[in-house]
Each structure stands twice: as structure tokens, then as C-alpha cells.
Amino acid sequence: MRFLRSIYIIIFSLVLHQTTLAQVRLDEVDTTKIELPSIIKYLHRQTDRGIETFADIQPSIEPGQSIDNYHIIDREFLIKDSIDRVWDIYVNSGLQRAWSTRKIHYGFSYSRDDDHIYYKNDPVGGVIPGLIVYLNLDLLFGVKNLAMAFEVTRVDPENKVIEFSYLKGNETEGKQQLIFESTPKGNTLIAHLSYYQSRIKTRDKVYPHVHATIINRFHRNMKRIYKEKTED
């Protein structure tokens, strides 16, 4: 009986441990470390919808989920280097550096892996599944600032695929997929696919133009980081 009781205690402790993970609350975010009012307002909208902890946040598309009803944009970017080297730079350059351009501003991120919030000046490791990233998009030459957030849902080093999904409740829902392929000349072609839809048809018509600006800036920034790392 003592043996069975011990087993029950161990099982109960494990279950309790799992349920207490990922319990950082959204109201624990230190907004004094976030320089972007749009992101602070976005957080407030999340709490207004009843989201209390980061564990309550869900991606709008899970890996393997059907995307039949989504619009799609397909763009390609070429980097003249091996796929392994390019992959390493995209995955391990750091979120703040990768997502900081003239049009994109890193706010903060949260990692499900260690249940921790990372602000602008905090060291963040490579891109891994479970990272939730908050960004500000600078639109119309700064007239419009749009906050958005996404979760990294897949990082596949074997097939060289990165996926991140917009969160449920974003003005636009969907996912983006980066597929890395080697070219016959030994270079790397990155197919950047975006699947999206919103509740407003006019927004779906505008989205491709906004998307093109943001994605071009992102990959241009990654090429700049690549040059810096390869010239060292």
C-alpha cells in the first residue's frame, strides 16, 4: 500500500507541475520596457478578450491544419551561399536583430519553452517552436502603427522549413512558411508563403501590398546580417 501511495503522490506531483507551467500572466509584462504604444494597446485588447496567461494564447493555424480557405502569397528570395549556412543564419541570428528594420520594430517575446518574457535588450537564443513574438509594423510612412503577434510553430532542420502562425484574434489570421531549397548552382532559394484571411474583405485586398513591404524588408535585413556574419 505504501508503494502504491508513493506512486500516486509522484503522479499527482507531475500533473501539478504540468498545470503550473506557462503561467506567466499578461499583466506581468513590464510595459515600461516596451517603447511601442501599439503593442501595449494590443496586450490590453488580449486581456479584454479574457486572455489571462500566455498559456491561454493560441496560434490561428496549427501545423498540419487545413489552409484550403486561405488566400496565398508566394514570394522567392535568393542568397548565394549553401543551404546549411543560410539556414543557420536565419535560425540563430536572434529575434531582435532579425525583426528590426525601418518598417518592423521588435516589442518583446515570450518563450513557452522556459516560460519567460524577453524584452528588447534581453539575450534571446535561436528560433524555436513556442516563441510568441510581438511586433509593431510602421505603415504609411509612420502615420499608421499596427501591432501584431505570431507564434513560431515549426522549425524543421531536416526539411529546412520554418513556420509561424498569427495568433487567434489578430486582425488578420493565418500563417507564414519559409521553405529553404538548394539550387543547382549550390545557392539557397527561400520560398516565403503566406496564408491569410480576415473578417473584412477590404483588408484582404490591402494585405498583399502591406505584406510585400514587410517581407521585403525582413529578407533584406537578413541578407544584411548574412553579409556581416560571412565577412567577419
Side-chain angles (χ1 to χ4, degrees), residues 35-36 38-39 71-109 118 120-121 123-128 131-157 160-166 170-172 174-196 205-232:
E35 302 171 354
L36 304 159
S38 64
I39 292 179
H71 305 290
I72 182 171
I73 302 173
D74 185 357
R75 299 179 67 85
E76 293 184 341
F77 302 87
L78 179 70
I79 298 182
K80 295 181 178 181
D81 205 341
S82 69
I83 188 170
D84 288 332
R85 196 168 187 178
V86 174
W87 170 266
D88 180 70
I89 289 172
Y90 266 75
V91 171
N92 296 309
S93 291
L95 289 176
Q96 294 99 324
R97 186 74 193 283
W99 291 100
S100 294
T101 75
R102 289 177 59 189
K103 296 291 184 181
I104 312 170
H105 306 282
Y106 173 92
F108 74 99
S109 59
Y118 293 91
K120 183 177 180 179
N121 297 318
V124 183
V127 176
I128 60 172
L131 276 174
I132 298 174
V133 184
Y134 289 75
L135 303 174
N136 177 81
L137 308 182
D138 185 351
L139 308 175
L140 300 175
F141 304 99
V143 174
K144 174 70 173 177
N145 287 282
L146 177 65
M148 58 86 68
F150 65 81
E151 179 173 346
V152 180
T153 54
R154 180 186 176 194
V155 179
D156 185 340
K160 299 294 189 293
V161 177
I162 299 172
E163 289 185 4
F164 48 93
S165 169
Y166 303 130
N170 266 11
E171 292 187 0
T172 299
K175 73 173 182 179
Q176 297 195 28
Q177 185 180 59
L178 280 68
I179 303 172
F180 297 70
E181 296 181 348
S182 292
T183 70
K185 293 184 178 181
N187 298 319
T188 303
L189 185 67
I190 304 171
H192 194 135
L193 287 75
S194 297
Y195 304 87
Y196 68 96
K205 292 180 180 179
V206 173
Y207 179 84
H209 304 288
V210 175
H211 173 271
T213 300
I214 300 303
I215 293 306
N216 287 343
R217 293 279 183 179
F218 168 72
H219 286 282
R220 191 180 306 166
N221 189 42
M222 292 308 300
K223 285 186 177 182
R224 186 180 301 115
I225 293 171
Y226 159 78
K227 288 182 179 179
E228 292 176 3
K229 289 181 176 292
T230 54
E231 289 174 357
D232 290 342

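Throughout, residue positions are numbered sequentially from 1 according to the sequence presented.
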* **Distance, nearest 0.5 Å, that separates CG of Leu146 from CE of Met148** => 8.0 Å
* Quick one: do Ile73 and Tyr195 satisfy side chain to side chain contact (heavy atoms under 4.5 Å, CB included)? Show the steps, please. => CA-CA 7 Å; Ile73 302 173; Tyr195 304 87; over 6 Å; no
* To do: Evaluate the side chain to side chain contact (heavy atoms under 4.5 Å, CB included) criterion for residues Phe218 and Ile104: first the C-alpha distance (whole Å), next the side-chain angles of each, then the deciding distance (0.1 Å), finally the verdict.
  => CA-CA 8 Å; Phe218 168 72; Ile104 312 170; 4.2 Å; yes
* After noting the C-alpha distance and the side-chain angles of Thr183 and Thr188, does the key distance pass the side chain to side chain contact (heavy atoms under 4.5 Å, CB included) rule? -> CA-CA 6 Å; Thr183 70; Thr188 303; over 6 Å; no
* Asked: To the nearest 0.5 Å, how far apart are OH in Tyr118 and CZ in Phe108?
  -> 13.5 Å
* Could you tell me which residues satisfy salt bridge (charged side-chain N to carboxylate O under 4.0 Å, His left out) with Asp156, sequence neighbours excluded, listed by chain and number? => Arg154
* To the nearest 0.5 Å, tell me how far His71 NE2 sits from Thr172 OG1. => 9.5 Å
* Would a 4.5 Å heavy-atom cut-off, applied to side chains only, mark Phe77 and Leu189 as touching? -> no
* Asked: How long is the span from the CD1 atom in Ile89 to the CE atom in Met222, to the nearest 0.5 Å?
  -> 7.5 Å
* To do: Using the side chain to side chain contact (heavy atoms under 4.5 Å, CB included) rule, take Asp84 and Phe180 through it: C-alpha gap first, then chi angles, then the decisive distance, then the call.
  => CA-CA 9 Å; Asp84 288 332; Phe180 297 70; over 6 Å; no
* Asked: Under a 4.5 Å cut-off applied to non-hydrogen side-chain atoms, are Gln177 and Val161 in contact?
  -> yes
* Structure fact -> Nearest heavy-atom contact between Leu78 and Asn187 is CD1-CB, 4.0 Å
* List the atom of Tyr226, the atom of Asp81, and the distance in Å for their closest heavy-atom pair. => OH-OD2, 2.9 Å
* State the OG1-NZ distance between Thr230 and Lys223, to the nearest 0.5 angstrom. => 12.5 Å
* To do: Run the salt-bridge test on Glu181 and Lys160 with the 4.0 Å N-O cut-off and return the result as yes or no.
  => no
* Does a donor on one side chain sit under 3.5 Å from an acceptor on the other, for Asn221 and Arg97? -> no
* To do: Keeping the roles fixed (side chain from Ser194, backbone from Ile72), state whether a donor-acceptor pair exists under 3.5 Å.
  => no
* Decide yes or no for Gln96 and Val133: does some side-chain heavy atom of the first lie under 4.5 Å from some side-chain heavy atom of the second? => no
* Could you tell me whether the side chain of Ile128 reaches within less than 4.5 Å of the side chain of Val152, counting heavy atoms only? => no
* To do: Considering non-hydrogen atoms only, spot the tightest contact between Tyr106 and Leu135 and give its length.
  => CA-CD2, 3.8 Å
* Could you pull out the closest heavy-atom pair between Val124 and Ser109, with the gap in Å? => CG2-OG, 4.4 Å
* Tyr90 and its side-chain contact (heavy atoms from CB on, under 4.5 Å) partner, picked from Ile79, Val127, Ile225 -> Ile79
* Asked: Do Gln176 and His192 have side-chain atoms, one donor and one acceptor, less than 3.5 Å apart?
  -> yes
* Asked: Should Arg220 and Thr101 count as side-chain neighbours, where that means a heavy-atom distance under 4.5 Å?
  -> no
* To do: First locate atom CG of Leu36, then atom CG of Asn136, and finally report the distance between them rounded to the nearest 0.5 Å.
  => 5.0 Å
* What do you reckon, is CD of Glu35 surrounded by more than 12 foreign heavy atoms closer than 6.0 Å? -> no
* Structure fact -> In short, Ser165 meets Thr153 closest at the heavy-atom pair CB-CG2, 4.0 Å
* Going by the angle between their ring planes, with limits at 30° and 60°, are Phe164 and Trp99 parallel, tilted or perpendicular? -> perpendicular
* To do: Kindly give the heavy-atom pair with the smallest separation between Ala147 and Ser38, and that separation in Å.
  => CB-O, 3.3 Å
* Salt-bridge criterion met for Lys229 and Asp88 (N-O under 4.0 Å) -> no
